[in-house]
Structure formats: C-alpha cells, structure tokens
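Residues: numbered from 1 along the sequence shown.
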Amino acid sequence: MQNDFELLASDQHSKARRGRLKTAHGVIDTPAFMPVGTQGSVKGASPRELRELNAQIILGNTYHLFVRPGLDVIKHFGGLHNFMSWDGPILTDSGGYQIFSLAKLRKITEEGVEFQNHIDGARAFISPEIAMEIQAALGSDIAMVLDECVPYPCEYDYAAKSAELTARWAKRCKAVAASLRDAHPAHSAAATKQLLFGIVQGGTFGVLRKENSQAMVELDFDGYAIGGVSVGEPEEEMMRAVESVEPFLPTHKPRYAMGLGTPPQMLQMIARGMDMFDCVLPTRLARNGTAFTATGTLNLKNAEFTLDKRPIEENCACETCRQFSRGYIRHLIKAEEILGLRLITLHNLHFYLNLMSKARTEIENGRFDQFRKAFVAEYKTRDAIPVE
C-alpha cells in the first residue's frame, strides 16, 4: 500500500520517533494525540477551538455514527468532514471496541457481528466489508480494520482464536477497501486516498501478539495499531503488550496505541516506539471537574480551591489559564454551569496536545529520554483516574 509516513528523527536512548504522516486533509506531525470525537463532536469543544488548540487530527467512531445519525444523513451532507465542519484529518475507529463493550448484546461469527444497538435495541450487523463501506462513506482520512477486542483477563485459547479471526477479518477489510477505491475512480482525492491501518490483537500473550503482528505486516497496511490495551489490565501488562509487538512492526509505517492514556503512559509509549494516541480522559475528566497539570490531576470540586486566584496551571498558555482562576472554575462546576466543564476541557486538551508538541521537540533535540524521565518523576495523580 502507499507509504505516506516519513521518519524525521529518532531518540538515541529509547525507541521514540519523530515523524510526519501525510493524509488527504493535511499533515500530522508525530508523536500525535487525537482528541476523541466519537459522535462527530469532541465533547465540549468546537472545531474552531480545536484548530486554535493545534489539534492535527480527531477521531470519529464508525459504530456510533452508523447507529446515529446514520449513513444516509452523513452522505446527504457530503461526508463527515462537511457534516461536522472540520477540515483537518479524521481517523475512524472500526467499531471493534464498541463491539467489545456491548458483550451482552452481540454475537460474533466468522461473517461479522450481530448486535443490538445501545440506543433503541434494534438489531444490526457489521462485517469487515460493511465496516469498510461505512468508513468510505464517512470519508475519513484513516480507516481501521474491523477487529475483535478481547477482555481482561482472557484465557489463551479464546485470545488465540480471536486474534486469528481478527487477522482473517483484516484480510477481508483490505480486499474490500481496494475494491471500493477501484469502483469509484471518479471520487475525490480524499476518498481514493483513505489510509487503512491494521490492528494487532492477542490479549496479554506475547506469542499471540508476535504472531498477529506478523500476520498484519504481511498484509502491508498503511499503518499499524495495537488494540486490546487499556481494557482493565495492569499498566505493566499494557506496556508488555506494546513491547511484544513493536519489534515486528516496520519502521517506515506509523504506529498507533489505541485508547491511551494518562500523560505519563503516553510518554512511556512514545519511548517504546509508538506514534499516535487517542483517549477520552481529557474531556471525560473535565466533565467531572478534573484538570490535568504537569504535577498530576486537580479535582476542582474540592473546597481547597474556593478562594484560589491562581490559574489551573502557572505559565500555561491556554485560554482558560490566561483568563480564569481556579476559584471561579470551581464555582462554575459546583453551580453546574456548562462554561465550567468547557473551560477545563479546553485546558485539558491543550495540555495533552502541548505534551505531544514538547515530545516532538525533545526528540528532535536529542533530549527526549531526559524529558520523559523528569516528567514521569514529577507527575503524581492526586485523584484516581478511572479506567476507560
């Protein structure tokens, strides 16, 4: 498949990489964080605000957009970019994680997944072919293959069968993606240049991860994601899963650690050779009154901030910190004013995106490993962060 990824620099003391990925709607500098816009909207932030925060790419979810508003609506508006007024790159997840989370409502077969949707319980079916057709209709810049995400803990035999199924589905996804491109040569450049990433599964079993990564690489995707992490397993298992896959991934293709994570986790993953990340924590925790800082999280609901005139974080360049105090934001949250959660959301997204910008700079300057170690040592989570 096409190679639109350029490796610009590597860290001498870790596997951290600085790269650049070209897509139909723009260039993505890596390492990169992708704000999550599950239903065609990053919760609490407008497209203009995302651009001002220097978000390079956002994530949309195939399952949720398929269920609501439905493909007919999105096609009517000319694709997801037009529908949500976002002119930058979009990555669409295949829906595999939602299938995992709908365990009680779904049935998996070789053909695909039959499930009851979470809105009205209506029956629906997604196969590898349908997942590709949906993502082609959405017009995303990066599409993901349909995969099965196994739970934690998971027995070896089930994880093995699931990984093999994911590999077979991936082969079908690639075939139908190619046929869709061939069938619509008159489509826009965006439609014909949709990148396709494979997803490596295998649970917590290194040998399965190795076998599945080799199977994915043989299929020659535009990039490779590591799935089935951050599903409730201990952090050391999460790191081990990435470490067991990374040696088998080609250096000239982007690598995406799905559904991660806390700020220290992302830096640790960058040190292990990962390039792209998505996570709901910046927006989800903001709606609970929790803000990210370089020294950990702050629960702004706490009474200690009632009279605090300081910004969420000193020397932070985000609009929230330039204008508003902790005390005022606490008042908004306690009074259930929407502005409060929006202000924390904008700060948290800035924090995550700025962290990636710093990581890119430190890799270029040969100082990433020192930067990572110093950040992780300083960062202390004051309040428990829920697992996604």
> Trp86 side chain to Leu80 main-chain N or O, any donor-acceptor pair under 3.5 Å?
no
> Within the 4.5 Å heavy-atom criterion, are Leu267 and Leu355 side-chain neighbours or not?
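Yes, at least one pair of side-chain atoms sits under 4.5 Å.
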> Do Asn354 and Ser357 meet the criterion of a side-chain donor-acceptor pair at a distance under 3.5 Å?
no
> Would you kindly say whether Gln194 and Ser140 are connected by a side-chain donor-acceptor distance under 3.5 Å?
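Indeed, the side chains of Gln194 and Ser140 share at least one donor-acceptor pair under 3.5 Å.
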> Would Gln214 and Glu218 count as having a side-chain donor-acceptor pair, cut-off 3.5 Å?
no
> Can you list every ring pair (Phe, Tyr, Trp, His ring centres under 6.0 Å) pair that touches residues 56-76, not counting sequence neighbours?
Tyr63-Phe115, Tyr63-His118, His64-His118
> Do side-chain atoms of Gln265 reach the backbone of Thr262 as a donor and acceptor pair under 3.5 angstrom?
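Yes, because the side chain of Gln265 sits within donor-acceptor range (under 3.5 Å) of the backbone of Thr262.
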> Can we say Asp308 and Arg330 salt-bridge, meaning some charged N sits less than 4.0 Å from an Asp/Glu carboxylate O?
no
> Side-chain contact test, heavy atoms from C-beta onward, threshold under 4.5 Å: evaluate it for Met144 versus Phe197 and give yes or no.
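Touching, per the 4.5 Å side-chain cut-off.
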> Given 3.5 Å as the limit, does a donor-acceptor pair link the side chain of Glu233 with the main chain of Ser230, or not?
yes
> State whether Lys373 and Asp369 are salt-bridged, where the test is any N-O pair (Lys NZ or Arg NE/NH1/NH2 against Asp/Glu carboxylate O) under 4.0 Å.
yes
> With respect to Ile57, which candidate in Asp278, Leu50, Ile142, Thr23 satisfies the side chain to side chain contact (heavy atoms under 4.5 Å, CB included) definition?
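It is Ile142; the other options fail the test.
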> Quickly, which of Thr251, Asp222, Leu195, Thr30 forms a side chain to side chain contact (heavy atoms under 4.5 Å, CB included) with Phe5? Name it, please.
Thr30
> Counting C-beta onward and ignoring hydrogens, is there a side-chain heavy-atom pair between Gln268 and Val376 closer than 4.5 Å?
yes
> Determine whether a donor-acceptor pair (N or O, by modelled atom type, separation under 3.5 Å) exists between the side chain of Arg123 and the backbone of Asn117.
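Judged by distance alone, no pair lies under 3.5 Å.
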> Give me each pair satisfying ring pair (Phe, Tyr, Trp, His ring centres under 6.0 Å) with a member in residues 350-374, each pair once, sequence neighbours excluded.
Phe33-Tyr352, Phe292-Tyr352
> Do Arg372 and Glu362 sit within salt-bridge range, that is, some charged N less than 4.0 Å from a carboxylate O?
no
> Please confirm whether the backbone N or O of Ala257 pairs with a side-chain atom of Asp275, one donor and one acceptor, at under 3.5 Å?
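Between the backbone of Ala257 and the side chain of Asp275 there is no qualifying donor-acceptor contact (under 3.5 Å).
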> So do the side chains of Leu349 and Pro35 get within less than 4.5 Å of each other, counting heavy atoms only?
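Yes, at least one pair of side-chain atoms sits under 4.5 Å.
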> Just wondering, do Leu65 and Phe83 contact through their side chains at under 4.5 Å, heavy atoms?
no
> Hey, could you give me the CG/CD distance between Leu353 and Gln56, rounded to the nearest 0.5 Å?
8.0 Å
> Under a 4.0 Å N-O cut-off, is there an ion pair linking Lys193 with Asp4?
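Asp4 and Lys193: salt-bridged.
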> Using a 3.5 Å distance criterion without hydrogens, assess whether the side chain of Arg322 forms a donor-acceptor pair with backbone atoms of Ala317.
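Yes, Arg322 side chain to Ala317 backbone: donor-acceptor pair under 3.5 Å.
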> Can we say Arg18 and Asp29 salt-bridge, meaning some charged N sits less than 4.0 Å from an Asp/Glu carboxylate O?
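Result for this pair is yes, salt bridge flagged.
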> Side chains of residues 147-157: which donor-acceptor pairs under 3.5 Å do they make with residues two or more places apart or in other chains?
from: Asp147; atom 1: OD2; to: Gln201; atom 2: NE2; distance (Å): 2.6
from: Glu148; atom 1: OE1; to: Ser162; atom 2: OG; distance (Å): 2.9
from: Glu148; atom 1: OE2; to: Tyr158; atom 2: OH; distance (Å): 2.3

> Does this structure show an ion pair linking Glu114 with Arg106, if we count only N-O contacts that are shorter than 4.0 Å?
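So Glu114 does not pair with Arg106 through a salt bridge.
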